[in-house]
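What follows is one structure encoded as structure tokens, with my remarks underneath.
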Amino acid sequence: MNTILLQVVNPNVNVTSILPEVIVAVAGTLVMIYDCFAPKQKIVTGAISLVGLILATIALFALWSGSYDFANAWNGMVAFDNLRVSFTLVMLFVSAMTILISTVWTEREDVPIGEYHSLLLFATVGMMFMASGNDMVILFLGLETLSLSTYVMAGLRKSDLKSNESALKYFILGSFASAFLLYGMALIYGATASTNITEIAAKIGTANFPALLLAGGAMLLIGFGFKIATVPFHVWTPDVYEGAPTPVTAFMAAGPKAAGFASFLRVFVLGFPVVAGATATNYLHGSWVSALALMAMLTMIVGNVAAILQNNVKRMLAYSSIAHAGYALVGFVGAGVAKTSEARDGAINAVAFYLLTYAVTNLGAFAVVTLLGEKNDRRTEFEDYNGIGFKAPVLSFTLSLFMLSFLGLPLTAGFIGKILVFGPAIQSGEPLLTVMVVVAVICTAISAYYYLRLIVVMFFKERLTEWTEPKIPITLATVLIITVIGVFGLGLFSDRVLSIFKTSPTATKAQLK
Amino acid sequence: MEPNLATYLGLSGILFTIGAVGVIYKRNAIGMFMCIELMLNAVNLTFVAFARYYGDVTGQLFVFMVMAVAACEAAIGLGIFISFFRNKISVDVDDASILKN
């Protein structure tokens with residue numbers, strides 16, 4: 001009791017440890033204030049947001065390579081490890097690219113641009129706290145900051161029925177899932193008397209109420225499963241992704257998914273480890289590993305098979321994002337069964353790398369879909385892509401490249417990403433996990449159908465209506481250049497990126513000492 | 001009978017179940033949202049019960065956070081419902097049916 005009182009009176013405030021988050025939050029606030037005084041502006045808030053995100057990235061790298069002792073920062077509520085820094089990098093990248101992609105949309109339609117940019121930055125802060133929180137309170141607050149901002153972003157096209165419906169469904173199902181997540185947190189707190197992940201991991205072997213531990217784990221699984229869109233908790237995904245404005249969909253498919261994985265990994269892999277001699281805890285570990293393995297298989301099968309049946313490109317990409325969450329879960333399960341902490345960190349890095357490759361490919365693909373979508377995203381059916389291949393060579397060749405990367409063609413980012421996430425699961429040698437990898441490979445083969453279909457439609461179908469190539473604005477060209485370089489760069493030089501991911505902040509500290 | 005930890009946990013479990021069933025059963029968006037609030041309050045009860053049981057303030061602090069978030073959720077949720085109502089003159093979720101396979 002006394003230690004708790006002391007902590008409340010004398011908290012360890014260490015702003016340096018959350019500098020990237022603080023920078024993005026300040027940028028978001030600045031954007032909001034600026035928007036009050038100059039509501040008609042077009043580029044200023046975007047520029048402030050981009051500068052904020054770039055500064056936050058610099059701060060992140062400074063933290064990553066510097067020597068700091070953050071062990072007790074915020075009384076252990078903030079983590080400082082590979083998991084945090086690598087996922088934060090993915091989120092900052094997604095956010096910056098989304099701002100560039102949105103320029104097409106904000107110019108075409110009368111979007112309240114300042115509001116949009118501040119919401120996007122606040123969503124980013126929420127995501128970053130989901131990666132950096134080492135306490136369930138922080139994870140929950142980060143998740144809600146992210147979710148509340150994205151609910152509004154999905155419904156930003158106020159007079160469009162699709163957008164309204166998307167926001168309504170996302171809001172109701174999202175808060176429903178949050179309630180489950182929260183109940184899980186309460187039960188875990190009840191079993192271990194702590195909300196800190198490190199303390200939970202330490203106390204879980206001697207938990208007071210083992211039954212509560214299992215119930216809490218199941219509730220958390222449901223809550224996180226909703227957030228990262230895994231089958232059977234995926235029903236909201238296609239509707240929400242189709243109805244939301246395309247740049248927002250691009251953001252939702254890449255950013256919040258990465259953030260959800262970051263929290264999910266932290267709570268389950270780091271918070272619920274195997275404890276020698278503790279039957280209930282090991283039962284919990286065994287059950288979540290098998291539950292996630294089953295969920296991964298279902299997610300891959302349902303996501304890929306349903307994607308085949310779609311006639312709308314945004315909907316197809318929504319199912320594809322479900323399928324990709326399944327592939328990432330394969331790496332997650334691999335991290336769960338890892339015997340040593342090196343193997344575990346390696347698997348976590350593989351998941352982060354996979355989500356980075358997915359984010360790069362996804363943002364590039366959605367950039368093209370945004371440009372071709374025209375006002376209110378009218379042109380997003382497959383037939384709207386008929387025969388545009390040689391009329392708009394830049395757009396169609398880049399889009400084809402992204403489809404091939406989604407599919408996992410060698411030399412592209414998607415291929416290396418898949419190899420890396422499947423690796424740890426195969427190495428474990430457990431039958432269930434081997435079956436899971438086999439399913440993953442078969443599903444990859446199935447996915448060829450719908451990814452290649454888009455390429456076939458673009459290059460080999462006759463276009464019956466009049467169509468002129470849209471002009472590619474400079475911001476979108478930037479996104480396309482960065483993502484194309486990213487697809488090849490991550491595919492060819494993956495070891496360099498991975499070695500950056502592997503550089504653990506604490507290991508650097510040890511070297512310097 | 002003196003109320004003990006199990007009583008509170010049982011009550012919060014019942015409240016949470018009522019809320020969850022309500023969300024699935026109700027068709028009115030505002031009714032669904034009220035059921036979600038009921039679920040959140042069931043969670044709060046769990047937190048407070050455990051905080052009291054362990055003599056630990058963390059659970060009570062968590063409840064403050066949940067309440068603050070629930071208030072934000074209400075503000076945003078009602079905003080979304082109103083923008084839907086403006087276009088559809090209804091807050092029935094069955095009317096939200098344009099996006100389908």
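Letters go in sequence order (proteins before strands), and every chain restarts at 1. All values below come from the heavy atoms of this structure, side chains included, with hydrogens, waters and symmetry mates left out.
Ring geometry for F16(B) versus F180(A): interplanar angle over 60°, hence perpendicular rather than tilted (30 to 60°). Relative ring orientation between F140(A) and F62(B) is described as tilted, the plane-to-plane angle lying within the 30° to 60° band. Ring geometry for F81(B) against F171(A) counts as perpendicular: the plane angle is over 60°, on a 0 to 90° scale with 30° as the lower cut.
Note that CD of E144(A) and CE of M65(B) are 13.0 Å apart. Values are rounded to the nearest 0.5 Å. Note that the OG atom of S175(A) and the CG atom of L40(B) stand 8.0 Å from one another [nearest 0.5 Å]. Put simply, NZ on K169(A) and OG on S97(B) are 7.0 Å apart, with the number rounded to the nearest 0.5 Å. The CD atom of E165(A) lies 11.5 Å from the CG atom of N87(B); values are rounded to the nearest 0.5 Å. Rounding to the nearest 0.5 angstrom, the gap separating the CD atom in E199(A) from the OG1 atom in T58(B) is 8.5 Å. Between atom CZ of residue R315(A) and atom CG of residue L99(B) there is a gap of 6.5 Å, rounded to the nearest 0.5 Å.
Contacts of A75(B) with chain A are absent, with no heavy-atom separation under 4.5 Å from either backbone or side chain. Heavy atoms of V91(B) lying under 4.5 Å from chain A are absent altogether. If you measure heavy-atom distances from I172(A) to chain B, the contacts under 4.5 Å come from both the backbone and the side chain. Heavy-atom distances place no part of L309(A) under 4.5 Å from chain B, backbone and side chain included. For A70(B), no part lies near chain A; criterion is any non-hydrogen pair under 4.5 Å. Interface remark: S12(B) contributes backbone and side-chain atoms alike to the contact with chain A (heavy atom separation under 4.5 Å). Looking at I80(B), only its side chain comes within 4.5 Å of chain A, counting heavy atoms on both sides. A191(A) touches chain B through its backbone: at least one of N, CA, C or O sits under 4.5 Å from a heavy atom, while the side chain does not. For F47(B), the parts sitting under 4.5 Å from any heavy atom of chain A are the backbone and the side chain alike.
Minimum heavy-atom separation, V43(B) to A179(A): CG2-O, 4.0 Å.
Heavy atoms from other residues, nucleotides or ligands lying under 6.0 Å from CZ of R27(B) number more than 12. The number of heavy atoms from other shown groups lying within 6.0 Å of CG (D110(A)) does not exceed 12. Within a 6.0 Å sphere centred on NZ of K26(B), heavy atoms belonging to other residues, nucleotides or ligands number 12 at most.
Among G79(B), C72(B), G59(B), the residue with the largest count of heavy-atom pairs under 4.5 Å with chain A is G59(B). The residue among S159(A), S163(A), A154(A) with the most heavy atom pairs within less than 4.5 Å of chain B is S159(A). Chain B forms the most heavy-atom pairs under 4.5 Å with one residue out of A193(A), G243(A), G155(A), and that residue is A193(A). Counting heavy-atom pairs closer than 4.5 Å to chain A, the top residue among I76(B), D95(B), V93(B) is I76(B).
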For L5(B) and F209(A): C-alpha separation, side-chain torsions, deciding distance, then whether side chain to side chain contact (heavy atoms under 4.5 Å, CB included) applies. CA-CA 12 Å; L5(B) 181 65; F209(A) 308 103; 3.9 Å; yes
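With a 4.5 Å cut-off on side-chain heavy atoms, V137(A) and L61(B) do not count as touching. Side-chain atoms of N164(A) and K88(B), non-hydrogen and from C-beta on, never get closer than 4.5 Å to each other. Residues D56(B) and Y189(A) are in side-chain contact: their nearest non-hydrogen atoms beyond the backbone lie under 4.5 Å apart.
Although no hydrogens or angles enter the test, the distance criterion places no donor-acceptor pair under 3.5 Å between the side chain of E73(B) and the main chain of L148(A).
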